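Here, residue 1 is the first one in the sequence, and each next residue gets the next number. The structure displayed is predicted, hence computed values, not measured ones. For ligands, and for the atoms within them, numbers begin at 1 and follow the listed sequence.
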Amino acid sequence: MSLLELKNIHTYYGHIHALKGISLTVNEGEIVTLIGANGAGKSTTLRTISGMVKARSGEVLYQGKPIQRVSAEQIVAMGIGHVPEGRRIFPRLTVEENLEIGAYLLRDKKVVEERKQIGFQLFPRLYERRSQKGGTLSGGEQQMLAIARALMQDPKLLLMDEPSMGLAPVLVDFIFETIQSLNKSGKTILLVEQNARIALQIAHRGYVLQTGELTLSGPAAQLAATPEVQAAYLGGH
Ligand code: ATP
């Protein structure tokens, strides 16, 4: 059984038909990447899974259960974490307070403290800046915080939206190494990226999204070798 399965998902914003029949699967233990141009519907796919927008039709199955009508909060509680596009950290709250917000569904203070320490071990930079306001962090540090915040609920499945956006190459490498190590430690990952080159390097499988429809899918290495992907997403090399 797949951990996540989308079956013929249609999502609209008003009359804009953003997702036109998306079907995909993510198996436990995988890194699956969704690549595509600006406006293809990558973020909308993640938002539809996390319940931030609701599909008009189709099914989202998580561990075999339909969740397309479950609330976003309940979906988090079921084990799906979302690292949103643009990080969405709280600029006036400290690093620690941002992490605590990620744990708002947890009652046990001891667990919250343990999870914070896990985040700080993963990103020692965040520990150094734990009392600093989120808004004063660099882009890379904000991305680390967004990831650490999503990990506070110890999700089984992590949805990651453009973690490389706006980061210097050395930080992109660091963030992608972190994604790989999270995967090795048991997290299943659905990764949305415009940086197809690096996404296909770390992913097991991938899907190509074009104006709301999936046009190609397959093992990442195979996708990276297709002429269409090379021409459209890998700069023709
Ligand atoms: P990007 O990388 O630019 O975010 P994307 O592939 O993630 O692109 P989406 O953000 O999912 O694309 O957008 C898919 C389509 O839905 C686009 O045509 C976009 O203009 C539209 N759209 C996205 N969010 C909204 C919204 N809140 N209201 C109306 N239309 C929206």
Side-chain angles (χ1 to χ4, degrees), residues 4-26 31-60 62 67-69 71-73 75-76 80-89 139-140 142-143 145-147 149-150 157-169 171-172 175-176 179 189-203 205-218 220 223-224 226 228-235:
L4 178 77
E5 188 172 3
L6 269 57
K7 285 187 179 171
N8 199 21
I9 285 292
H10 289 262
T11 300
Y12 288 74
Y13 296 105
H15 61 272
I16 296 170
H17 196 175
L19 300 184
K20 303 168 185 165
I22 299 289
S23 298
L24 60 79
T25 58
V26 180
I31 301 179
V32 173
T33 188
L34 190 56
I35 59 176
N38 263 329
K42 304 182 298 299
S43 299
T44 304
T45 304
L46 296 192
R47 286 191 211 122
T48 302
I49 297 164
S50 64
M52 287 159 68
V53 296
K54 294 293 173 191
R56 188 171 292 181
S57 63
E59 273 192 315
V60 182
Y62 175 67
I67 59 165
Q68 69 272 10
R69 276 183 274 282
S71 72
E73 186 180 57
I75 288 172
V76 171
I80 301 183
H82 193 168
V83 185
E85 186 172 19
R87 310 14 152 171
R88 303 287 162 124
I89 59 140
Q142 291 190 5
Q143 187 61 58
L145 181 54
I147 296 171
R149 185 180 57 186
L157 171 66
L158 205 49
L159 311 174
M160 307 189 83
D161 200 340
E162 306 243 8
S164 76
M165 204 196 336
L167 302 187
L171 274 173
V172 173
I175 293 293
F176 276 73
I179 296 170
I189 291 166
L190 179 56
L191 170 68
V192 154
E193 259 302 333
Q194 280 201 47
N195 188 339
R197 187 180 305 277
I198 191 157
L200 289 171
Q201 272 167 18
I202 69 159
R205 291 189 301 115
Y207 291 87
V208 177
L209 189 59
Q210 222 174 334
T211 54
E213 290 175 284
L214 293 173
T215 52
L216 284 170
S217 66
L223 267 187
T226 49
E228 295 96 309
V229 170
Q230 293 199 345
Y233 308 106
L234 300 176

### Task
For Ser43, check side chain to side chain donor-acceptor pair (under 3.5 Å) against everything at least two apart and list the hits.
Glu85, Asp161
### Task
Look up atom OG1 in Thr25 and atom NZ in Lys7, then write down how far apart they are to the nearest 0.5 Å.
11.0 Å
### Query
Between CD1 of Ile22 and CG of Leu209, what distance do you get to the nearest 0.5 Å?
4.5 Å
### Task
Please name the pair of heavy atoms, one in Ile35 and one in Ala199, separated by the smallest distance, quoted to 0.1 Å.
CG2-CB, 4.4 Å
### Summary
Closest non-hydrogen atoms of Gly36 and Lys42, given as atom of the first, atom of the second and distance, are O-NZ, 3.0 Å
### Query
Any luck finding a side-chain donor-acceptor pair between Thr11 and Thr48 under 3.5 Å?
yes
### Message
With a 4.0 Å heavy-atom cut-off, what residues sit around ligand 1?
### Response
Tyr13, Ile16, Ala18, Ala37, Asn38, Gly39, Ala40, Gly41, Lys42, Ser43, Thr44, Arg47, Glu85, Glu162, Gln194
